[in-house]
There are 2 protein chains.
Amino acid sequence: MGRTRGFDTEQALDAALETFWVHGYDASSMPELCRAMGIQPGSAYAAFGSKRDLFRAALQRYARTVSSEAVLGLTSSPSGLDGLRSYFDDLVEAMVDGRRRWGCLITNSLVEFAERDPDLAGVFDLHLANLEAAFEAALTRAKAAGDLRSGAGPEQAKLLVAVVQGMNVLAKARPGRPALRSVADAALAGLVAAPDAPRLSDRCGYLQD
Amino acid sequence: MGRTRGFDTEQALDAALETFWVHGYDASSMPELCRAMGIQPGSAYAAFGSKRDLFRAALQRYARTVSSEAVLGLTSSPSGLDGLRSYFDDLVEAMVDGRRRWGCLITNSLVEFAERDPDLAGVFDLHLANLEAAFEAALTRAKAAGDLRSGAGPEQAKLLVAVVQGMNVLAKARPGRPALRSVADAALAGLVAAPDAPRLSDRCGYLQD
DNA sequence: CTCCTAACTGAAAGATCATTCAAGAATAGC
DNA sequence: GCTATTCTTGAATGATCTTTCAGTTAGGAG
């Protein structure tokens, strides 16, 4: 009983998420967040607790939606190499045109918050570990299929995580598609390269455009 | 004529630089910066103008000292490959023990400021271009010396820039030496790998430890 | 329809922030 | 030593930020 909530909590959370994503935590004031969410401070505090709690909820929503959707493309493909290619293709396009032009909320937050909120460290570590595990699985499948150069394997997963974090940083400088492609292509080239005998691999689309 | 300045400007700037480095711009308040610099607000404003100006000065000092010192190790070595190895070795050690445990001031600031201060974009772009040029030169020398796998060359410079930015992000999560080494080693392994014929290269120290 | 309860509103509180400024202190040139 | 000039001090200013709260509105239960 009592008055029913006049706004959709998840929709409001998405609005806050985008504000945090674009401007960061400190640079997003409560008045601005409330404007984005379309509600008043009182409602925001009643629904979410505090600015920090709202941020935590937004981070977790991001991990559950945006981030895990991207990882899904990596794990769902039967071919490990195709999964890797499509992951990086989507990443580049989202950074040029889409929402990733503001980088990655988790990367941004890791940089902004690592020294401040130990509670959030768990969220960051979990996200990085998930990404690494997905890369590891894809690399294992790719290796089993004979798509990797000898010497390359699942132990390159940490490198790919670092490359993705680096691209998230570079994306904020709006470098344009060619520069981002160049990073992604070079990262994959280091894995699949058939250095002296190009015909070793029957999959050779990685330089296609 | 007039009273002489009671503090050393460069020393104060270094203190502010470290504060910004550890906590970021927004999370470094003027009272805190003044405490770190050992001066009062009035003196800080007389000497540096505004908080933003102080930050700009700190950024440029960082680029002129910390950053270009690291790049020097990359360009000074006659062997391109040795330069690359020592650059990444130093990077990893500084991230484990040294001042880079707070990441890189420029990376942190790029993430925090890209959407806010177009004036700073020039500083960021210049820094990234310098780093890329240094990698490019080292890769060119390494290739000329026959130290790279065929297919690898100066066009991998952008990838290395991304890897470094990614390591700067990961460093904030305090991942420990093995994880960082794993990233650096994998990045170099993708360049120098002698995949099917290890004896192709007479320099093969990249797996030494 | 009435009442009870929960949500909403928007102004206010209380803290903190960047910045300024008047007053005191110290130096260089005369 | 005196004066003009510059630096330092630390409190004050005005803005802004997060958070709260009293008063109002609206929906469900009886």
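Every chain is numbered from 1 and lettered A, B, ... according to where its sequence line falls, protein lines coming before strand lines.
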Counting the atoms with a prime plus P, OP1 and OP2 as sugar-phosphate, which does B:P31 contact under 4.0 Å by heavy atoms, base, sugar-phosphate, or nothing? sugar-phosphate

Reckon B:S43 touches a base, only the sugar-phosphate, or nothing at all at heavy-atom distances under 4.0 Å?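 B:S43: base contact, heavy atoms under 4.0 Å.
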
Once you round it to whole Å, what is the distance between [atom2] of [N] and [atom1] of [X]?
X     : N      : atom1 : atom2 : result
A:R35 : D:dC17 : CZ    : C1'   : 13 Å
B:F48 : D:dC7  : CZ    : P     : 13 Å
A:L33 : D:dC17 : CG    : P     : 11 Å
B:F55 : C:dA18 : CZ    : C1'   : 16 Å
B:M37 : D:dT9  : CE    : P     : 12 Å
A:M30 : C:dA11 : CE    : C1'   : 16 Å
B:Y45 : C:dT19 : OH    : P     : 3 Å

Is a salt bridge present between A:E93 and A:R177, judged by a nitrogen-to-oxygen distance below 4.0 Å?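 Salt bridge flag = yes for A:R177 with A:E93.
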
Closer than 4.0 angstrom, basic N to acidic O: yes or no for A:D26 and A:R116?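 Result for this pair is yes, salt bridge flagged.
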
With under 30° as parallel and over 60° as perpendicular, where do the rings of [X] and [Y] fit, or are they tilted in between?
X      : Y     : result
B:F20  : B:Y25 : parallel
A:F7   : A:F48 : tilted
A:F135 : A:F88 : parallel

Least distance between heavy atoms, B:D82 atom then B:S79 atom: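 Where B:D82 meets B:S79 most closely, the heavy atoms are N-OG, 3.0 Å.
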
Minimum-distance pair of heavy atoms, taken over all atoms of B:S182 and A:K158: OG-CD, 3.4 Å

Looking at D:dT9, C:dA18, D:dT18, which one has an atom nearest to any side-chain atom of B:S29?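 Nucleotide nearest to B:S29's side chain: C:dA18.
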
Compare side-chain N and O positions of B:Q40 against OP1 and OP2 of D:dT8 and report whether any pair is under 4.0 Å apart.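 For D:dT8, OP1/OP2 do not have a side-chain N/O of B:Q40 under 4.0 Å.
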
What residues from residues 2-16 of chain B pass a heavy-atom cutoff of under 4.0 Å to DNA chain D? B:G2, B:R3, B:T4, B:R5, B:G6, B:F7

Find which nucleotide of DNA chain C each of A:A47 and B:K51 is nearest to by heavy atoms, and output the residue with the more 5' nucleotide. A:A47

